[in-house]
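In this text the structure is predicted, and so the values were computed from the model without any measurement. We number each residue from 1, following the sequence as shown.
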Amino acid sequence: MFRNITILLCFGLTCLSASPDPELKKIEKALQTVPPVKSQKVPQILVYSKASGFAHKSIPTGVKALRALAQKTGAFNPTFSQSVEDFSVENLKEFDGLIFNNCTRVEKAFVTQKQRSALLNFIRKGNGFVGFHGASDAGMPKWQEYTNMIGGCFDGHPWNAGGTWPFRVEDPGHALCKSFSAKTFRFSDEIYQYKGYDRKNLRVLISLDANKSGKSGKSPTQDYPVSWVKSYGKGRVFYSNFGHNKATWWTPFLLEHFLAGIRWSVGELDGLYDSLPQPPRL
């Protein structure tokens with residue numbers, strides 16, 4: 001009799017400790033309408049999530065979302081890492097692409113020329129790179145070539161995480177923009193301005209409509225890109241500034257945008273990466 005009671009109590013504790021992660025529940029709900037992806041060879045992606053500067057609280061949320069996105073769609077197979085030791089030439093041969101999840105100040109982690117060359121040459125030779133939010137808070141002045149690769153370096157955020165900001169879809173016909181139902185939208189996240197950014201070096205997909213934001217930044221032309229694509233050697237680079245707020249990672253249209261960016265970076269989707277002119281201010 002007592003043994004049965006003990007088993008029942010232990011079962012109850014097990015159920016309690018295994019209660020669903022509330023963030024994961026939101027992510028899984030957001031992914032309900034995202035269909036599986038058919039690929040002849042599932043791309044292998046190394047996901048690096050180590051912050052060497054400011055550590056965003058959304059980093060673990062991003063890991064959950066990327067894992068769930070891969071499991072739900074079958075579009076890629078992620079390997080998660082917080083070690084630069086995984087970025088050796090030999091180890092990178094196992095992968096088709098990289099994701100940098102909010103990993104700030106990577107120049108403090110990739111300290112040797114051997115490590116830096118392994119990373120950049122991997123992309124130059126035709127593999128993919130995806131960066132989210134804090135991945136651009138890195139590079140210059142101590143690692144200029146990283147900034148050249150990703151397309152720009154964090155230079156402040158007058159549009160803070162608590163605000164709701166206006167955005168424009170600059171390239172609505174692009175494969176990475178199909179999840180946006182309108183050419184303009186409003187959303188809450190922390191939005192950067194950049195140094196080392198030049199529009200002619202990349203294709204802006206989503207931008208901040210600074211004139212309607214109520215705040216001013218440093219750009220004399222009010223050019224504040226948010227998501228973009230570019231080439232780097234033979235490789236493809238997708239970057240999105242979205243991802244500071246945890247809620248970004250359970251927003252359906254952004255998860256679809258991220259998925260398309262990942263797939264594009266490894267050549268699973270077609271889409272231009274040549275520059276577009278800045279749209280007129282309205």
Side-chain angles (χ1 to χ4, degrees), residues 37 39-49 66 69-70 75-81 84 86-103 106-107 109-110 112-140 143-153 171 174-177 194 196-206 225-241 243 257-276:
V37 170
S39 177
Q40 290 184 343
K41 181 188 175 213
V42 178
Q44 304 298 307
I45 307 289
L46 180 59
V47 183
Y48 180 64
S49 301
L66 291 167
L69 192 61
F76 62 103
N77 184 32
T79 297
F80 295 91
S81 171
V84 295
D86 291 327
F87 289 84
S88 66
V89 172
E90 193 62 30
N91 191 58
L92 288 175
K93 290 178 182 178
E94 304 297 320
F95 297 97
D96 304 293
L98 306 173
I99 295 175
F100 274 24
N101 168 31
N102 259 318
C103 44
V106 294
E107 70 275 9
F110 291 77
T112 70
Q113 190 56 48
K114 185 177 181 180
Q115 291 169 332
R116 294 181 177 189
S117 295
L119 168 64
L120 296 177
N121 286 338
F122 173 80
I123 306 163
R124 284 192 190 104
K125 290 179 180 179
N127 297 294
F129 178 89
V130 173
F132 293 116
H133 194 62
S136 70
D137 183 8
M140 63 187 303
W143 191 8
Q144 180 66 48
E145 192 56 32
Y146 177 89
T147 296
N148 296 344
M149 180 276 294
I150 198 170
C153 182
D171 194 5
H174 200 280
L176 275 62
C177 296
Y194 302 93
Y197 156 75
D198 191 328
R199 177 173 278 259
K200 73 174 185 295
N201 295 329
L202 47 83
R203 188 181 189 93
V204 177
L205 304 176
I206 312 294
V226 177
S227 288
W228 65 70
V229 290
K230 67 186 295 292
S231 63
Y232 185 70
K234 296 179 180 179
R236 291 180 170 193
V237 174
F238 165 65
Y239 171 78
S240 182
N241 185 192
H257 178 54
F258 294 169
L259 176 61
I262 294 167
R263 296 186 66 213
W264 177 88
S265 75
V266 291
E268 290 287 309
L269 287 180
D270 293 327
L272 298 173
Y273 49 79
D274 54 311
S275 180
L276 291 172

Is the centre of the Phe129 ring less than 6.0 Å from the centre of the Phe238 ring? no
Roughly how far, to the nearest 0.5 Å, is the [atom2] atom of [Y] from the [atom1] atom of [X]?
X      : Y      : atom1 : atom2 : answer
Lys234 : Arg124 : NZ    : CZ    : 12.5 Å
His174 : Leu205 : NE2   : CG    : 5.5 Å
Asn148 : Lys230 : CG    : NZ    : 7.5 Å
Ser136 : Asn102 : OG    : CG    : 9.0 Å
Lys93  : Asn91  : NZ    : CG    : 11.0 Å
Tyr197 : Trp228 : OH    : CH2   : 7.5 Å

Does Val204 reach the side chain of Asp171, with side-chain heavy atoms less than 4.5 Å apart? no
Within the structure provided, determine whether Pro225 and Tyr194 are in side-chain contact (heavy-atom separation under 4.5 Å). yes
Option among Tyr48, Phe258, Phe100 that satisfies the ring-ring contact (aromatic ring centres under 6.0 Å, His included) test with Phe132: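 So the option named by the test is Phe258.
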Least distance between heavy atoms, [X] atom then [Y] atom:
X      : Y      : answer
Phe76  : Leu259 : CE2-CD1, 4.1 Å
Ile99  : Leu66  : CG2-CD1, 4.1 Å
Leu46  : Phe95  : N-CD2, 3.5 Å
Leu176 : Val229 : CD2-CG1, 3.6 Å
Gly139 : Glu107 : N-OE1, 3.0 Å
Gly131 : Tyr239 : O-CD1, 3.2 Å

side-chain contact (heavy atoms from CB on, under 4.5 Å) against Asn201, all qualifying residues, sequence neighbours excluded: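 By the side-chain contact (heavy atoms from CB on, under 4.5 Å) rule, Asn201 matches Asp198.
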Does [X] reach the main-chain N or O of [Y] with its side chain, forming a donor-acceptor pair under 3.5 Å?
X      : Y      : value
Arg116 : Trp143 : no
Lys200 : Ser275 : no
Gln115 : Thr112 : yes
Asn127 : Gly97  : no

Pair up each side-chain donor or acceptor in residues 260-274 with any protein partner under 3.5 Å, not counting sequence neighbours, and list the distances.
residue, atom, partner, partner atom, Å
Trp264, NE1, Gly271, O, 3.0
Ser265, OG, Ile262, O, 2.7
Glu268, OE1, Ser39, OG, 3.1
Asp274, OD1, Arg203, NH1, 2.9

Is it the case that the side chains of Asp96 and Gln44 hold a donor-acceptor pair, with the cut-off being a distance below 3.5 Å and no angle test?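 Checked: Gln44/Asp96 side chains show no N/O donor-acceptor pair below 3.5 Å.
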Distance-only donor-acceptor check, side chains Ser240 and His133, under 3.5 Å: no
Please identify each residue that fulfils side-chain hydrogen bond (donor to acceptor under 3.5 Å, both in side chains) with Thr147, with sequence neighbours left out. none
